[in-house]
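Working notes, beginning with the structure itself.
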2 protein chains.
Amino acid sequence: MRNYNVAIIGTGAVGNTILKVLEERNFPVNHLKLLATKRSAGKEKIFRGEKIIIEETHPSSFNGVDIALFAGGKASTEFAHEAVKRGAVVIDNSSAFRLDPDVPLVVPEVNPDAVEKHKGIIANPNCSTIQMLVALKPIHDAAVIKRVVVSTYQAVSGAGSEAVEELTSQTEAILQGKDFTKNVFPHQIAFNVLPHIDIFLENGYSKEEMKMVNETRKILGDDTIKVTATAVRVPVFIGHAEAINIETEKRITADEARTILSQAPGIIVEDDLSSNLYPLPIRCADRDEVFVGRIREDNTIDNGLNMWVVADNLRKGAATNAVQIAELLIEKKLI
Amino acid sequence: MRNYNVAIIGTGAVGNTILKVLEERNFPVNHLKLLATKRSAGKEKIFRGEKIIIEETHPSSFNGVDIALFAGGKASTEFAHEAVKRGAVVIDNSSAFRLDPDVPLVVPEVNPDAVEKHKGIIANPNCSTIQMLVALKPIHDAAVIKRVVVSTYQAVSGAGSEAVEELTSQTEAILQGKDFTKNVFPHQIAFNVLPHIDIFLENGYSKEEMKMVNETRKILGDDTIKVTATAVRVPVFIGHAEAINIETEKRITADEARTILSQAPGIIVEDDLSSNLYPLPIRCADRDEVFVGRIREDNTIDNGLNMWVVADNLRKGAATNAVQIAELLIEKKLI
């Protein structure tokens, strides 16, 4: 089997997790490059026991790179096309190209075949969308989902390593009765919840909420599916949770949904109320699967279901999904 | 104006807040009695600058009491009827009598006239239901609400003073890398969210979720209104938040809803996205009003609205609502 020259662009929370996931999944890496801004250049990371020195990203950094995993942020708009020009396939975790009709938006469990049409860039969806769709696709296949009402409980690590630091330092300060600063979040995040993720748009929704609407349609290839979302940041380090209410065309019972989801790829059903078993952020951390529980019929409509979906936002919501896309490219001999 | 002999039964988080609210609102108290279990008897509290010694509750404790404010828990089933027998009007914060057809279930901003039919006991609704209905009633009056999908973000103080202590001690332990215990909650609550409040029922919903369904119908006097809920505990000390999606019979725009809510009693609209203004648990703490924001149209259905509703669960969700019911009794000359 061939090994590939891989570059990770970005060395924050997501970039670090990509590094870990490549190692854990024994991804066929020939040479690994770590690229970042000037600020991080010169620092070291360990991959498979070997030191790798982070380099500042330049267009020429992509010479000889087969797979460029962009961890998100501004680097994507600046360098993704440069990487493609130099022969790399880009898997991009930013939102820059997700709705571009020339760019496949892929969740391997949901729409693996979409990768086949790539023209150099493949986009990794938003973290909240990925875990929602892994859970909803098997039900959509069985009963056709018409409408989704989702409320999220999103971990601070989705806003990067500095956000993790801000939750830690604010929490410490509050417990000690000291003053604290706010840099990443517009309001105190410790012991608080903020209905505000990404910027607000003209229509009153946040960009995060609209990502869940628009990316869902593109990934499912269905412009009629209706999604309305409220995205909320909670003082959790890792693991996004979602309270999801769906309306389906055909009737599906909670038991049927549980059976279908138990057999679906990438899902672990945790749903035993008698033993207080349901998905929890603290338990999904460092796991690659999407956890589903609290599955119950919603009798306020003819065909309704409620469920609770949790996943590690840095893994399945970002790094793992990106690496799985790379694995898919290899499997489908597209690289 | 007459002054009343008042008893507060329970001296935990809610009982303490009732004491504070009676003082702040200058409630016409003649004599105040603090009643609790044996464990708390003998301790002291301050009311209007005077020491009051907590007494153990006995049936005879209610002799001469005009208004008995039960803070919740087992005392209600044990002593509420005894208090009524001895001539007191009981305002009960437990769930014991809420669905009893002989007991009015009252939110003063929503169904004040219901108190008129009381037979000695008036029930204070569940905290999550109270704040939801204060926000929804003006919209129900204007456009007739058909269906509600609600996800909650509930503070630990709703589970009592020991829960507040548990969040504090777990948080400290985790930041210091130490072991910690779980007593109040079935799983770690620090830096985590739990889709589990009160016990689980046969139908897969928690009792908390079904309270929001059944109490809403009783308070609005409308058995056709449909509510489906997911109740989630979050690591916040004070202030429940709710992501509420509604479907109305008549069309109502976000602007119209904002205007109606701004003029409604007990509500403060905080909804200016350009200045990151939306309701926050940390800002509603120690306030008696219900805060509403993130009001936006949901175009996935014909007449849909999303909103974000926050209130101090110990105040409007419990103590303030109970004291307002007592004020209503006086105002309506029912006592």
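The model shown is predicted, which means the values in this text are computed figures rather than measured ones. Proteins come first, then strands; the chains are lettered A, B, ... in the order of their sequence lines, and each starts at number 1.
Contacts between Asn203(B) and chain A at a heavy-atom distance below 4.5 Å involve the backbone alone (N, CA, C, O). Of the two parts of Ser169(B), neither the backbone nor the side chain holds a non-hydrogen atom closer than 4.5 Å to a non-hydrogen atom of chain A. Heavy-atom distances place the backbone of Thr152(A), and not its side chain, under 4.5 Å from chain B. For Asn192(B), the parts sitting under 4.5 Å from any heavy atom of chain A are the backbone and the side chain alike. For a residue to count as touching a neighbouring chain, one of its non-hydrogen atoms must lie under 4.5 Å from one of that chain's; by this rule Leu167(B) touches chain A with the side chain only. Using a 4.5 Å cut-off between heavy atoms, Ala254(B) makes no contact with chain A at all. Using a 4.5 Å cut-off between heavy atoms, Ala229(A) touches chain B through its backbone atoms (N, CA, C, O) alone.
In terms of non-hydrogen atom pairs under 4.5 Å with chain B, the most contact-rich of Ala243(A), Pro195(A), Pro281(A), Gly204(A) is Pro195(A). Considering only heavy-atom pairs separated by less than 4.5 Å from chain A, the leading option among Val227(B), Ile301(B), Leu194(B), Ile199(B) is Ile301(B). Among Gly239(B), Ala241(B), Pro235(B), Ala155(B), the residue making the largest number of heavy-atom pairs under 4.5 Å with chain A is Pro235(B). The residue among Glu209(A), Lys146(A), Arg283(A), Glu297(A) with the most heavy atom pairs within less than 4.5 Å of chain B is Glu209(A). Ranked by heavy-atom pairs shorter than 4.5 Å toward chain B, the options Val149(A), Thr168(A), Val156(A) are led by Val149(A). Of the residues considered (Val234(B), Thr230(B), Ile282(B), Asn245(B)), Ile282(B) shows the highest number of contacts with chain A, using heavy-atom pairs under 4.5 Å.
Between Ser151(A) and Ser151(B) the shortest heavy-atom distance is OG-OG, 3.1 Å. Among all heavy-atom pairs drawn from Leu280(A) and Val193(B), the shortest one is CD2-O, 3.5 Å.
Between Arg147(B) and Asp298(A), some side-chain heavy-atom pair lies under the 4.5 Å cut-off.
Heavy-atom neighbours of Lys218(A) NZ from other residues, nucleotides or ligands within 6.0 Å: above the threshold of 12.
Among the residues in residues 171-191 of chain A, those with a non-hydrogen atom closer than 4.5 angstrom to a non-hydrogen atom of chain B are Thr171(A), Glu172(A), Leu175(A), Pro186(A), His187(A), Gln188(A), Phe191(A).
Here ring pair (Phe, Tyr, Trp, His ring centres under 6.0 Å) pairs that include residues 153-174 of chain A, with residues two or more places apart or in two chains, are Tyr153(A)-Trp308(A), Tyr153(A)-Tyr153(B).
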